[in-house]
Amino acid sequence: MSYEKVAQAKEIIVGTKQAVKALKTGHVTEVVIAEDADPKITAKVVQAAIDLNVQVNKVDSMKKLGKSCGIDVGAAAVAIIQ
């Protein structure tokens with residue numbers, strides 16, 4: 001489900017650092033986190049989303065998440081922009 005949301009989103013931000021920056025701007029509607037990513041890496045994104053009351057969804061695979069973003073490598077976090 002979330003893979004389809006990412007693939008169909010008009011604008012996405014890929015990566016943990018970029019997702020945190022995007023969250024701070026207030027334009028993010030949802031964050032998608034890969035469960036197989038290192039929790040130390042994704043913790044900042046999840047905490048920022050919680051602090052800003054942004055929905056956090058989890059998917060099982062970094063590789064599939066990256067593919068749904070149109071990139072050839074795995075993605076730990078993706079922010080969906082309004």
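This structure is a prediction, so every number in the text was calculated from the model and none was measured. Excluded from the calculations below are hydrogen atoms, water molecules and symmetry mates; all remaining heavy atoms, backbone and side chain alike, are included.
Partners of E35 by side-chain hydrogen bond (donor to acceptor under 3.5 Å, both in side chains), not counting sequence neighbours: none found. Considering only residues two or more places apart in sequence or on other chains, Q18 meets the side-chain hydrogen bond (donor to acceptor under 3.5 Å, both in side chains) condition with none of them. Residues satisfying the side-chain contact (heavy atoms from CB on, under 4.5 Å) test with K64, not counting sequence neighbours, are Y3, D60, S61.
Annotation for A9 and I80: closest pair CB-CG2, 3.9 Å, computed over non-hydrogen atoms. The shortest heavy-atom contact between V14 and A75 is CG1-CB, 3.9 Å. Closest of all the heavy-atom pairs between A77 and T16 is CB-CG2, 3.8 Å.
The CG atom of L65 lies 13.0 Å from the NZ atom of K58; values are rounded to the nearest 0.5 Å.
If you chain together hydrophobic residues whose side chains sit under 4.5 Å apart, V78 and M62 never meet in one group.
Other residues sharing the hydrophobic cluster of I41, ordered by chain and number and joined by side-chain separations under 4.5 Å: none, the residue standing alone. As a member of the Ile/Leu/Val/Met/Phe/Trp/Tyr network built from side-chain separations under 4.5 Å, V20 groups with I13, L23, V28, V31, I33, V45, V46, I50, L52, V54, V56, I81.
Contacts classified as salt bridge (Lys or Arg N to Asp or Glu O under 4.0 Å) and involving residues 13-32 (residues at least two apart or in different chains) are given here: K5-E30.
Within 6.0 Å of the CG atom in D51, the count of heavy atoms belonging to other residues, nucleotides or ligands exceeds 12.
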